[in-house]
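Encoded as structure tokens, the structure appears first; notes follow it.
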Amino acid sequence: MSNSEISPRAEISPKAKIGNNCKIFPFVYIEDDVEIGDNCIIFPFVSILDGTRMGSRNKVHQGSVIGALPQDFDFRGEKSECIIGDNNIIRENVVINRATHRGGKTIVGNDNVLMEGAHISHDTVVGNRCVFGYGTKIAGDCHIQDGVIFSSSVIANAKTRVGEGAMIQAGTTFSKDVPPYIICTKRSEYGGVNYTMGHYYGVDEKILKHIANAYRLVFMGQTSVFDATNQIEQQVPDSPEIQNIIHFLRSSELGIISKL
């Protein structure tokens with residue numbers, strides 16, 4: 001714990017591993033099996049529980065619980081992990097559960113922002129550069145790819161997937177997969193290509209047009225998603241983004257959100 005500023009009023013297990021140049025405020029609670037990287041800031045009344053592995057330069061705000069026991073009726077007290085990457089901002093009253101079964105992992109990548117009251121449930125995997133708006137709840141076994149934006153009060157039901165660069169409008173509840181680069185409306189329907197994120201990440205205009213054409217085949221055509229995916233492969237010029245769409249559609253187990 002050398003080189004870190006740790007309040008004597010924080011309750012930290014001597015078995016926990018704390019990196020250098022961290023600042024830990026009063027009334028923080030850290031259990032035995034915890035590892036925290038360098039340059040993290042842990043604000044008052046945060047609990048970091050067994051199984052948490054946190055990277056560097058994270059900020060965890062008041063009232064958050066990291067590595068909380070999974071809210072899963074199958075949980076039997078097995079040893080599992082909650083992996084947090086680098087440069088994440090975790091705001092007030094966020095809860096991130098560790099995984100349910102032995103060897104399982106809940107994973108939050110790098111450069112994410114979790115706003116007040118967000119909840120990431122057991123065994124969910126979150127990529128990088130995502131934003132979780134106020135009160136957003138992500139159920140267990142979900143998979144969130146890079147650059148996803150959840151507006152406030154979104155509910156992602158269990159085992160759903162959200163593709164890269166998608167945006168979910170406020171108040172949406174969804175139970176099927178949300179493909180990459182699109183907007184998901186409050187009615188859990190396709191709301192067009194997410195051009196804002198495309199421009200932000202410097203996606204070429206020509207590629208954005210190809211993405212729009214791909215989704216016209218999926219959401220505006222009269223064929224199945226299976227046939228539409230084959231049409232994308234045959235008719236739309238190839239790019240990494242188009243390949244990502246094709247792979248996402250073909251690997252969907254729950255099916256995708258509906259047409260407008």
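Keep in mind that the numbers below use all heavy atoms, side chains included, and drop hydrogens, waters and symmetry copies. Since we're looking at a predicted model, the values are computed, not measured.
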Legend entry - pair E35-M54: side-chain heavy atoms closer than 4.5 Å: no
Inset, instruction - Compute whether any side-chain donor of one residue and acceptor of the other, for N128 and D111, lie under 3.5 angstrom apart. - result: no
Inset, instruction - Find the distance between CE (M197) and CD1 (I149) and round it off to the nearest 0.5 Å. - result: 4.5 Å
Legend entry - Transitive ILVMFWY cluster of F27, excluding itself - 4.5 Å side-chain cut-off: F45
Legend entry - Value rounded to 0.5 Å, distance of CG in D50 from CG in D33: 5.5 Å
Inset, instruction - For T136 and S151, indicate whether the former's side chain and the latter's backbone hold a donor-acceptor pair under 3.5 Å. - result: yes
Legend entry - Spacing of N97 atom CG and L49 atom CG [to the nearest 0.5 Å]: 10.0 Å
Inset, instruction - Among R98, H122, R102, find the one that has a side-chain hydrogen bond (donor to acceptor under 3.5 Å, both in side chains) with S80. - result: R98
Inset, instruction - Look up atom CD1 in I24 and atom CD1 in I41, then write down how far apart they are to the nearest 0.5 Å. - result: 11.0 Å
Inset, instruction - Identify the two heavy atoms, one from D32 and one from S13, that lie closest to each other, and give their separation to 0.1 Å. - result: OD1-OG, 2.6 Å
Inset, instruction - Quick one: sort the Y215 and Y190 rings into parallel, tilted or perpendicular, breaks at 30° and 60°. - result: tilted
Legend entry - Exercise: do D123 and T106 side chains pair donor with acceptor under 3.5 Å: no
Legend entry - Minimum side-chain heavy-atom gap S121-Q71 below 4.5 Å: no
Inset, instruction - Establish, from distance only, whether the side-chain atoms of D177 and S252 form a donor-acceptor pair under 3.5 Å. - result: yes
Inset, instruction - Take H199 and L208 through the side chain to side chain contact (heavy atoms under 4.5 Å, CB included) test and state the conclusion after the steps. - result: CA-CA 9 Å; H199 293 146; L208 290 173; 3.6 Å; yes
Inset, instruction - Could you grab the distance from atom CZ of R216 to atom CD1 of I232, nearest 0.5 Å is fine? - result: 12.0 Å
Legend entry - F25 atom CZ, neighbour heavy-atom count above 12 within 6.0 Å: yes
Legend entry - Carboxylate-amine/guanidinium proximity below 4.0 Å for E233 and R250: yes
Legend entry - Heavy atoms of other groups near Y200 OH, more than 12 under 6.0 Å: no
Inset, instruction - Consider only side-chain N and O atoms of Y134 and R91, and report whether a donor and an acceptor are under 3.5 Å apart. - result: no
Legend entry - Side chains of Q234 and N230 in contact at under 4.5 Å (non-hydrogen atoms): yes
Inset, instruction - Decide if atom NZ of K137 counts as having more than 12 heavy atoms of other residues, nucleotides or ligands within a radius under 6.0 Å. - result: yes
Legend entry - Distance, nearest 0.5 Å, that separates NZ of K23 from OG of S7: 10.0 Å
Inset, instruction - Would you kindly say whether N39 and R57 are connected by a side-chain donor-acceptor distance under 3.5 Å? - result: no
Inset, instruction - Answer yes or no: are there more than 12 heavy-atom neighbours, outside E11 itself, under 6.0 Å from its atom CD? - result: no
Legend entry - Sub-4.5 Å side-chain heavy-atom contact between V203 and Y181: no
Inset, instruction - Evaluate the side-chain proximity of Y29 to V46: yes if any heavy-atom separation is below 4.5 Å, no if none is. - result: no
Legend entry - Heavy-atom side-chain contact between I90 and N112 under 4.5 Å: no
Legend entry - Under the ring-ring contact (aromatic ring centres under 6.0 Å, His included) test, residues paired with H61 that sit two or more places apart: F43
Legend entry - Lys/Arg-Asp/Glu bridge criterion (N-O < 4.0 Å) met for D141, R161: no
Legend entry - Side-chain touch F248/Q145, heavy atoms, less than 4.5 angstrom: yes
Legend entry - Heavy-atom side-chain contact between N157 and F174 under 4.5 Å: no
